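See structure below.
Just so it is clear, the model here is predicted, and its values are computed rather than measured. Counting starts at 1 for both ligands and their atoms, in listed order.
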Amino acid sequence: MVLSDLGVLMLEKLDTGVVHPARRYNYWLGGKDNFAADRESGDLLAQSYPAARIAARANRAFLQRAVGYLAGEAGIRQFLDIGTGLPTADNTHEVAQRIAPEARIVYADNDPMVMAHARALLTSTPEGLTRYLEEDLREPQRILDHPELTETLDLKQPVALMLVAIVHFLPDQAAARNVVQTLLDALPSGSYLTMSCATKDFLTPELAANWDETLRTGKSDVYPRDRAAFAEFFDGLEIVEPGIVAVSEWRPEPDAEENPAPVDASIFGAVARKP
Ligand SMILES: C[S@@+](CC[C@H](N)C(=O)[O-])C[C@H]1O[C@@H](n2cnc3c(N)ncnc32)[C@H](O)[C@@H]1O
């Protein structure tokens, strides 16, 4: 990371000594937008879960396939992507606008470093629109009321809400469900929820115990959900095929070279429609 990359970033907001999920994920994906604290945490978590990098890539690929499905088969033209992550190739707007150039996307993330890279998220087609909000998922009403959101998305028309690899940073299930419900309540029938969330369900007892230990000792901030807890987020929604599966098993590309086994991509993924 070079300082010139940070542009107008308010440097005091960027605490490079503290691990941040966006930068650790960027490290696992092979990116360069991370600092020593993020790499140390990434390596430490990868010691207890050696497939962490494979899982990160499988999750990113799930996001892209889900956006392809939503913009294609489901005909969605508006996206609210919370927990954007640092821009990489094929961000939500790029995948969506390749299929539907008029697609409108609002991104939101709470990492100031994502803000510094927001211009990479704002490369909309002329027909469409992208906006970026520096906001926190834990304050969903602020996101919904944000003037840039209301100017960009028509909340009377269906919206695809993307919560991909973010809910597992909220430890409390009831609070997380409240947040998701608040967002869904603001969206009309025909909207979609796409979610992925880390799980221990596919892990060996040893790997699961390792994960518990990293949480117990404060080394991890990733709070897994079992299938039943993950399914709760979809109460009242129509889950599309193939249902709740490991992200690598959600509509994999038929010609994909390698499709990681669930134990190596231990993240649940699903897409569902609001009736
Ligand atoms: C693991 S990355 C996932 C990025 C992208 N959704 C994907 O799946 O490729 C998680 C992202 O969520 C963001 N994040 C974590 N907690 C958040 C919160 N409470 N509010 C907003 N963003 C948050 C992080 O900054 C990071 O960019």
Side-chain angles (χ1 to χ4, degrees), residues 9 13-16 18-31 33-35 37-38 41-42 45-46 49 52-68 70 79-96 105-118 120-121 132-144 146 149 160-172 175-180 182-183 193-199 220-224 246-248 250 265-271:
L9 176 68
K13 286 180 77 179
L14 186 73
D15 190 344
T16 60
V18 176
V19 58
H20 200 286
R23 300 172 223 155
R24 185 179 58 212
Y25 183 63
N26 173 268
Y27 173 58
W28 281 338
L29 289 175
D33 300 311
N34 47 73
F35 297 99
D38 310 307
S41 168
L45 294 189
Y49 180 51
R53 287 179 182 80
I54 298 173
R57 285 200 297 272
N59 176 72
R60 188 75 192 168
F62 161 74
L63 168 72
Q64 292 159 346
R65 293 196 303 279
V67 174
L70 291 161
F79 292 79
L80 173 55
D81 182 342
I82 308 178
T84 310
L86 288 157
T88 67
D90 284 345
N91 302 296
T92 296
H93 74 285
E94 287 150 336
V95 178
I105 291 90
V106 172
Y107 290 108
D109 201 287
N110 71 350
D111 183 353
M113 199 147 131
V114 181
M115 185 67 167
H117 287 269
L121 298 169
Y132 176 74
L133 321 176
E134 192 175 351
E135 289 291 345
D136 197 297
L137 174 65
R138 288 164 294 187
E139 295 190 79
Q141 202 58 49
R142 271 181 62 97
I143 298 178
L144 291 167
H146 199 292
L149 183 146
L161 172 62
M162 312 297 296
L163 296 173
V164 181
I166 180 168
V167 165
H168 50 222
F169 297 114
L170 304 184
D172 185 77
R177 283 192 70 188
N178 252 327
V179 161
V180 176
T182 302
L183 292 165
L193 170 65
T194 298
M195 191 186 279
S196 73
C197 180
T199 183
S220 177
D221 50 4
V222 181
Y223 296 86
V247 281
S248 54
W250 196 88
S266 61
I267 303 174
F268 277 129
V271 176

Self-check item: Distance from atom 19 (N) of ligand 1 to nearest protein heavy atom, with residue and atom
Solution: D136 OD1, 2.9 Å

Quiz item: Just heavy atoms, cut-off under 4.0 Å: does I166 contact ligand 1 by side chain, backbone, both, or neither?
Solution: side chain

Quiz item: Is there any N or O on V164 that sits under 3.5 Å from an N or O of ligand 1?
Solution: yes

Quiz item: Is any N or O atom of L137, backbone or side chain, closer than 3.5 Å to an N or O atom of ligand 1?
Solution: yes

Quiz item: Short list, please: which atoms of ligand 1 are under 4.0 Å from a heavy atom of F169?
Solution: 10 (C), 15 (C)

Quiz item: For ligand 1, which atoms sit closer than 4.0 Å to a heavy atom of H20?
Solution: 24 (C), 25 (O)

Quiz prompt | Closest non-hydrogen atom pair, F62 against A270 | solution = CZ-N, 3.7 Å

Quiz item: Quick one: does ligand 1 sit under 4.0 Å from the side chain of T84, the backbone, both or neither, non-hydrogen atoms only?
Solution: backbone

Quiz item: For the side chain of S41 and the backbone of A37, is there at least one donor-acceptor N/O pair under 3.5 Å apart?
Solution: no

Quiz item: What atoms of ligand 1 come closer than 4.0 angstrom to any heavy atom of D111?
Solution: 25 (O)

Self-check item: Backbone or side-chain N or O of H168 under 3.5 Å from ligand 1 N or O
Solution: no

Quiz item: Ignoring hydrogens and geometry, is there a side-chain-to-backbone donor-acceptor pair from W28 to G42 under 3.5 Å?
Solution: yes

Quiz item: Is there a donor-acceptor pair under 3.5 Å between the side chain of S196 and the backbone N or O of A165?
Solution: yes

Practice problem: Please name the residue in the list N34, D221, D38 that meets the side-chain hydrogen bond (donor to acceptor under 3.5 Å, both in side chains) test with R24. | Solution: D221

Exercise. Look at the side chain of H93 and the backbone N and O of I105, then say whether any donor-acceptor pair between them is shorter than 3.5 Å.
Key: no

Quiz item: Can you find an N or O of D81 that's nearer than 3.5 Å to an N or O of ligand 1?
Solution: no

Exercise. For the residue pair N91 and Y107, confirm or rule out a side-chain donor-acceptor distance under 3.5 Å.
Key: no

Practice problem: Locate the shortest heavy-atom distance separating V95 from Q64; write the atom from each residue and the value. | Solution: CG1-O, 3.7 Å

Quiz prompt | Which segment of M162 sits under 4.0 Å of ligand 1 when only heavy atoms are counted | solution = neither

Quiz item: Quick one: NE2 on H168 to CD1 on I267, what's the gap to the nearest 0.5 Å?
Solution: 6.5 Å

Quiz item: Taking both backbone and side-chain atoms of G85, is any N or O found less than 3.5 Å from an N or O belonging to ligand 1?
Solution: yes

Exercise. Output the list of atoms in ligand 1 that are nearer than 4.0 Å to some heavy atom of R60, sorted by atom number.
Key: 5 (C), 7 (C), 9 (O)

Quiz item: If only atom types and distance count, is the side chain of D109 paired as donor or acceptor with the main-chain N or O of V114 below 3.5 Å?
Solution: no

Quiz item: Considering only protein heavy atoms, which is closest to atom 4 (C) of ligand 1, and at what distance to one decimal place?
Solution: G83 O, 3.2 Å

Quiz item: Taking atom 8 (O) of ligand 1 as the point of reference, which of N110, I82, N59 owns the nearest heavy atom?
Solution: N59

Exercise. From atom 1 (C) of ligand 1, work out which of F62, W28, Y107, Y25 has a heavy atom at the shortest distance.
Key: Y25

Quiz prompt | Nearest-neighbour protein heavy atom for atom 27 (O) of ligand 1, which is reported as residue plus atom name and distance | solution = D109 OD2, 2.6 Å

Quiz item: Per the side-chain contact (heavy atoms from CB on, under 4.5 Å) rule, which among D136, L137, I82 passes with V179?
Solution: L137

Exercise. Could you check which of A61, A165, G269, P21 puts a non-hydrogen atom nearest to atom 10 (C) of ligand 1?
Key: A165

